[in-house]
Amino acid sequence: MSRTRQGRNPSVAPGSSGSLDKLLAAKEIVIACGSGGVGKTTTSAAIATMAALEHGGKVLVLTIDPAKRLANAMGLKSVGNQELRVPNEIFTNSSIEMRGELWAAMLDTKESWDSLVRRYAPDQDSAERILANPIYKNFSGRFVQSHDYIAMERLYQLHTEGGYDLIVVDTPPTRNAIDFLEAPERMADFFSSRLLRWLIVPYRSKFINVASKPFYQIADRILGTQFLQDVAEFFMLFQSMYAGFIERARAVSSLLHDRRTTFMVVSTLEAAPLREAEFFIDALGERGYHLGAVILNKVLPEYLKDKGAAKTARTILSKSDQIASELSNQISVDQALLTRVLGEVADSYLNFANVALKEQEQREELAVKPEVLSTVPFFESDIYDLAGLVELGRHIWR
C-alpha cells in the first residue's frame with residue numbers, strides 16, 4: 001500500500017521544529033527502548049495513538065508485554081500475536097476524532113516461530129518435523145536469543161508486507177534491547193557454530209573421525225542417544241533454512257539503519273534509569289542507528305524552578321516562628337506545631353526545587369544528541385483509559 005499518510009506536508013523536514021509530530025511524519029518504524037518501570041510500553045501506545053489521531057493512516061503498536069490496563073484503555077480485552085484494531089467507538093465515546101486506524105499486537109514467541117518455520121521450511125514435511133521435534137519446542141519458547149530474533153523477524157515481516165504506515169515497537173529493557181538489535185546476526189552465527197557441526201556429524205555420515213569418537217560415546221552416556229538424535233535432527237532441518245536466516249539478518253540490519261527507521265529512548269531522570277538511557281544512547285551511536293527522540297517521564301513541574309517561589313520558601317523557612325506566632329491564634333493551632341510544619345514544607349519545597357534544577361541540567365546534556373527531547377510531568381494516577389492515553393500522548397507530541 002502507499003506509504004503517503006493523510007494530511008502530510010512532505011516538504012517539511014522531520015524534526016526541524018523539535019517535535020515528534022515533524023519527526024514521525026517521514027518515519028515508518030519507531031523503536032522504543034529503555035529500562036523497566038519508566039513507562040516505555042505506555043509511552044509507545046500513546047505515541048502510536050497520537051500518530052493515528054494527527055497523521056491519519058494505519059498505525060500499529062507492537063509490544064512485548066502490555067499491561068492488562070493498557071489493553072483495556074485501548075478498548076481491547078486482551079492483546080495477542082495477531083494484530084487487532086482498536087474500535088473507533090472508543091474514540092467517539094471519548095469525544096475524540098480519529099483520523100486514522102490504531103492497531104495493537106503483542107509478540108507471542110512460540111506462535112511467531114511456528115509461523116516462520118511454516119513459511120521458510122523447504123517443504124511441508126520438513127516444517128512438520130521441525131514443529132514436532134522436542135528440541136524445537138524448548139528452543140522456541142525458552143532459548144533467550146530465539147525471543148529477540150523472532151521479534152526482529154516479526155517486525156521485518158510486518159514492515160515488508162506494507163500493511164501499516166507506521167509501526168511503533170516496544171522493546172525489552174535496555175541492555176536486552178542490544179541483544180534485540182543484534183539477534184539476527186547472533187542467530188546466524190549460532191546455527192553455523194562448530195559445536196553444532198560436531199553434534200550433526202555422526203548423523204550425516206556413517207564414518208566418524210577416530211579422534212571425535214570418544215566425544216560421542218561420552219555424550220551418549222551422559223545425554224542419551226535419543227537426545228543427541230533429536231538435537232542433530234533439529235539442527236539439520238534448521239540448517240536447511242540457514243541461507244534464509246543470513247539473507248533476512250542482512251535485510252533486518254538494513255531496515256534498522258534505513259532513514260525511515262528511528263529510535264526513541266524512554267527514561268526518567270532517576271539515577272539508575274538515566275544511566276541505562278545514556279548507555280543505550282551511546283550504543284545506538286556506535287552502531288550507526290538514528291536516535292530520533294528521548295522521552296523523559298515523571299519530570300518535576302516547571303514552577304519548581306521559579307526564582308520567586310524559591311525566595312518565598314526561604315523567607316518562610318527563616319521566619320517560620322514569626323509567621324506561626326501571627327497565624328496560630330487566627331486558625332486555632334499550636335504555635336510550635338505550626339512553626340515545625342511551615343519549616344518542613346518550605347524546606348521540602350526547596351529540596352524539590354534543587355532537584356528540578358538538576359533535572360534541567362540533565363535535560364540540557366541529553367538534548368544535544370536526539371532530534372527531539374520531550375518531557376512528561378508526573379501523572380496523579382496510572383493510565384487506565386483512552387483519555388489518559390491521549391493526554392500523555394499530547395504532552396509528548398508537543
Side-chain angles (χ1 to χ4, degrees), residues 17-21 34-40 42-43 46-47 50 264-281 293-385 387-398:
S17 66
S19 71
L20 275 178
D21 187 358
S35 60
V38 297
K40 180 164 52 67
T42 307
T43 297
I47 287 173
M50 290 303 299
M264 173 180 71
V265 176
V266 183
S267 182
T268 64
L269 286 168
E270 296 168 295
L274 186 60
R275 283 196 300 270
E276 291 286 292
E278 290 171 339
F279 160 80
F280 197 78
I281 288 170
V294 172
I295 310 297
L296 299 175
N297 283 325
K298 302 179 182 179
V299 174
L300 291 175
E302 290 294 315
Y303 68 75
L304 286 171
K305 291 179 288 184
D306 184 273
K307 293 182 179 179
K311 182 178 179 180
T312 299
R314 284 192 292 271
T315 299
I316 293 173
L317 189 62
S318 63
K319 297 183 178 181
S320 56
D321 285 336
Q322 179 182 340
I323 296 172
S325 176
E326 295 175 359
L327 287 178
S328 60
N329 291 330
Q330 296 180 30
I331 58 177
S332 301
V333 297
D334 180 77
Q335 181 177 335
L337 183 60
L338 183 56
T339 299
R340 188 173 69 186
V341 170
L342 287 172
E344 290 185 0
V345 169
D347 187 57
S348 177
Y349 182 92
L350 290 172
N351 287 336
F352 274 108
N354 287 333
V355 174
L357 290 173
K358 183 179 179 181
E359 286 188 350
Q360 178 63 32
E361 294 173 1
Q362 293 170 324
R363 287 157 56 182
E364 289 171 357
E365 289 177 4
L366 289 172
V368 300
K369 296 183 179 180
E371 291 188 26
V372 177
L373 177 68
S374 183
T375 60
V376 181
F378 275 100
F379 275 56
E380 293 183 1
S381 61
D382 289 336
I383 304 297
Y384 62 89
D385 60 12
L389 203 61
V390 171
E391 182 183 358
L392 171 63
R394 294 199 187 284
H395 276 288
I396 301 169
W397 207 248
R398 291 195 294 267

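Here, residue 1 is the first one in the sequence, and each next residue gets the next number. Computed from a predicted structure; not experimentally measured.
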Please report the interatomic distance CG(D334) to CZ(R340), rounded to the nearest 0.5 Å. 9.0 Å
What are the two closest non-hydrogen atoms of L389 and I383, and how far apart are they? N-CG2, 3.6 Å
Which pairs of donor and acceptor atoms, one on a side chain in residues 342-356, lie under 3.5 Å apart (sequence neighbours left out)?
residue : atom : partner : partner atom : Å
Y349    : OH   : Y303    : O            : 3.3
N351    : ND2  : D347    : O            : 3.4
N354    : ND2  : L350    : O            : 3.3

With rounding to the nearest 0.5 Å, note down the distance linking CG in L20 to CG in L373. 10.0 Å
Which atom of T315 lies closest to which atom of S318, heavy atoms considered: O-OG, 3.0 Å
By side-chain hydrogen bond (donor to acceptor under 3.5 Å, both in side chains), Q360 pairs with (sequence neighbours left out) K305, E364
List, one per line, each side-chain donor-acceptor pair under 3.5 Å for residues 265-274, sequence neighbours excluded.
residue : atom : partner : partner atom : Å
S267    : OG   : P273    : O            : 3.3
T268    : OG1  : E270    : N            : 3.4
T268    : OG1  : E270    : OE1          : 3.0

State, with a plain yes or no, whether a side-chain heavy atom of V341 is found less than 4.5 Å away from one of V333. no
Give the minimum heavy-atom separation between D306 and G308, together with the two atoms involved. OD1-N, 2.9 Å
Under the side-chain hydrogen bond (donor to acceptor under 3.5 Å, both in side chains) test, residues paired with T43 that sit two or more places apart: N297
Which residues share a salt bridge (charged side-chain N to carboxylate O under 4.0 Å, His left out) with R394, sequence neighbours left out: E54
For F379, give me all partners under ring-ring contact (aromatic ring centres under 6.0 Å, His included), at least two apart in sequence or on another chain. H395
Exam field: side chain T339 to backbone Q335, donor-acceptor pair closer than 3.5 Å: yes
Ignoring hydrogens, what is the shortest heavy-atom contact between K298 and F378? Give both atom names and the distance. O-CE1, 3.2 Å
For residues M264 and I47, determine if any side-chain heavy atom of one lies less than 4.5 Å from a side-chain heavy atom of the other. yes
